[in-house]
Amino acid sequence: NDDRRDAHRGFCFNSRVSDSLSLDRHQSEVRSNACQKLHSSYKTMDLPTASVVIVFHNEAFSILVRSIHTVLNHAPPHLLKEVIVVDDASVPVEDRFYEKHWKRLQEELRDHLMKLPKVLLVRVKERRGLMVARMEGIWRASAEVTVFLDSHIEATPGYLEPMLARIKETDGKSVVVPSIDTIGAEDFHYRQGGGLTVLGFSWTLGQMPTSGDNGPDGTRAARSPVMAGGLLASDRKWFLKLGGYDLDMRLYGGEEMEIGFRTWMCGGAIEYVPCSHIGHVFRTPAYWQGQVYKVPGEEISRNKLRTAKVWMDDYSKLVEYATAPLPESLPIGDLSGRQELRSKLQCKDFNWYIQEVVPNMFAPKLSSDAKGGCLRNKVRDACVDTLGGSGKGQELATYPCHFQHGTQALVLDSDGLVRLPQTGYR
């Protein structure tokens, strides 16, 4: 109905349900018995301290403030040094983010946060995007570990200690991610599981859930090829030494791949810590079909292509064939800084990453003169197209040529086989 659609407008979750809930609502215990037992063994006085960085842009007041409250409520005071909240230039948008919502993020938010301990509100004057805004946070952070969180989450009891313990165990070399549980976008019920844990990737640089080894009792940190990107923790000095975020990436998307590849190739690891649970509201288009905020698809493609060009060596071709070419008005940008960083850190090559981190991932053999493009029927002026299908045995069809790769992309490998990027080249 219209009321529900209006409650979802600009958020893709029910903002009125969020507004009706306590900012300090109770969360049931979601950890396993084994995780609770392990928790009792932590020597918390010996763990490193943490700064939490939360970036928001045009967020709902109640869900943002509840995120901050849960971070404060469920962390031992001596371990949580500060919460740095970065407003990435929120602004009213007609038919998308009402002025009444924006106004709550001004004086009301400032006054509310001033009453909370350890919270610093930072406002940037123009939209910088997730990556640069997060760097604004970590540059100001003073604790040993920086935890990056989204602005529509709920931390649960015991969320912080397992991540800090694992970072200490690995001498700061592991970038860790929690169990990202699901908070219903309509009812706001907390559902353990059904979210994100160990993640791999496709040759379109999309995220793909994969299996991980959490040990016999489910408490062991598991190796993860990449990460979701929204929630992570790292030793601050290590994160900055490895280059932080690519400041020439825009808005969001692709940064999780870049951090994943770079961390593994340059001497670290990405690990999923199963005993740390943080709920996340996964947005839904079910009641309002608009984008929360407009992010052109080519900007995300640009971020992914930057990642491929800098870190993936010859494998970058597989990403290029699977990704729509950038318009001439949107250059990929200067890559020299990231390339110099890779050289300075003496990082391993991407072939090492494939063999050691994702040994079961299929990659076709492509010669240096490999051909990629589309197959066009001149008479019909149509191209072979998967029409979005990627399953084994699905028939191909023809469709007007769009020359944007994607569903019409074909690649001739070194064995003379025609491969489809949309099926992972299999």
Side-chain angles (χ1 to χ4, degrees), residues 18 23-24 44 47-91 101-156 159-161 163-164 167 172 175-176 178 229-241 244-245 247 251-252 255 276 278-281 293:
S18 177
L23 297 176
D24 298 294
T44 60
L47 294 178
T49 57
S51 301
V52 172
V53 173
I54 296 176
V55 171
F56 73 93
H57 173 78
N58 289 7
E59 187 60 276
F61 176 90
S62 60
I63 200 168
L64 169 63
V65 175
R66 189 179 301 110
S67 299
I68 299 166
H69 276 226
T70 62
V71 165
L72 290 167
N73 291 344
H74 299 308
H78 70 282
L79 293 179
L80 181 61
K81 192 167 186 179
E82 60 205 352
V83 181
I84 302 171
V85 182
V86 182
D87 177 5
D88 190 19
S90 295
V91 61
H101 295 308
W102 175 78
K103 284 183 176 179
R104 296 199 72 189
L105 298 178
Q106 304 310 304
E107 288 79 7
E108 184 178 354
L109 178 65
R110 180 199 64 195
D111 294 345
H112 186 97
L113 297 188
M114 286 181 66
K115 298 174 184 176
L116 299 179
K118 304 182 179 181
V119 178
L120 171 66
L121 176 61
V122 178
R123 296 194 193 268
V124 296
K125 293 183 178 179
E126 61 182 39
R127 184 88 187 273
R128 306 296 301 279
L130 177 70
M131 300 71 144
V132 179
R134 283 188 162 183
M135 292 304 293
E136 292 285 356
I138 196 171
W139 287 331
R140 291 168 169 81
S142 59
E144 299 158 89
V145 168
T146 301
V147 181
F148 294 106
L149 298 177
D150 281 344
S151 57
H152 35 271
I153 58 96
E154 290 187 36
T156 66
Y159 79 94
L160 185 59
E161 296 94 313
M163 293 193 289
L164 298 181
I167 289 171
V175 176
V176 301
L231 289 69
L232 65 136
S234 176
D235 178 273
R236 179 180 181 273
K237 290 181 179 179
W238 176 245
F239 191 82
L240 293 175
K241 178 181 178 180
Y245 283 95
L247 297 181
L251 301 177
Y252 70 83
E255 82 288 347
S276 172
I278 298 178
H280 179 275
V281 178
Y293 34 81

ask   = Quick one: does Met135's side chain get under 4.5 Å of Leu240's, heavy atoms only?
value = yes
ask   = So, does Asn58 use its side chain to make a donor-acceptor pair with the main chain of Val91 at under 3.5 Å?
value = yes
request  = Compare every heavy atom of Trp102 with every heavy atom of Ser90, then report the nearest pair and how far apart it is.
outcome  = O-NE1, 3.1 Å
ask   = At what distance, to the nearest 0.5 angstrom, does CG of Leu47 lie from CD of Glu144?
value = 9.5 Å
query = Just how far is it from atom CG of Leu130 to atom CD of Glu255, taken to the nearest 0.5 Å?
reply = 5.5 Å
inquiry  = Check whether Asp88 reaches the backbone of Gly129 with its side chain - one donor and one acceptor, N or O, closer than 3.5 Å.
reply    = yes
Ala133 versus Val55, closest heavy-atom pair with distance = CB-CG1, 3.6 Å
ask   = How long is the gap from OG1 on Thr146 to CG on Asp235, to the nearest 0.5 Å?
value = 8.0 Å
Polar side-chain atom of Lys118 near backbone of Leu72 as donor-acceptor pair, under 3.5 Å = no
message = Under the side chain to side chain donor-acceptor pair (under 3.5 Å) definition, can you give me all pairs with a residue in residues 62-79, not counting sequence neighbours?
response = Ser18-Ser62, Ser18-Arg66, Asp19-Ser62, Asp24-His69, Asp24-Asn73, His69-His112
Beyond-backbone contact of Leu109 with Asp87, side-chain heavy atoms, under 4.5 angstrom = no
request  = Say whether, by atom type as modelled, one donor and one acceptor occur between the side chain of Glu82 and the main chain of Leu120 under 3.5 angstrom.
outcome  = no
query = Is there a side-chain contact between Arg123 and Gln106, using heavy atoms and a 4.5 Å cut-off?
reply = yes
Residues forming a side chain to side chain donor-acceptor pair (under 3.5 Å) with Glu161, sequence neighbours excluded = His39
ask   = Are Leu105 and Phe56 side-chain neighbours, meaning at least one heavy-atom pair lies under 4.5 Å?
value = yes
ask   = Taking the six-membered ring for Trp, are Phe148 and Phe239 parallel (under 30°), tilted (30 to 60°) or perpendicular (over 60°)?
value = tilted
ask   = Taking atom CZ of Arg236 and atom CD1 of Ile167, what is their separation to the nearest 0.5 Å?
value = 13.5 Å
message = With rounding to the nearest 0.5 angstrom, report the CD1 to CD1 distance, Ile54 to Ile153.
response = 5.5 Å
Any donor-acceptor N/O pair, Ser51 side chain to Ala143 backbone, under 3.5 Å = yes
message = Using 0.5 Å steps for rounding, measure from the CD atom of Glu154 to the CG atom of Leu23.
response = 10.0 Å
Minimum side-chain heavy-atom gap Val83-Leu113 below 4.5 Å = no
inquiry  = Could you check whether any side-chain heavy atom of Arg134 comes within less than 4.5 Å of a side-chain heavy atom of Leu232, counting everything from C-beta outward?
reply    = yes
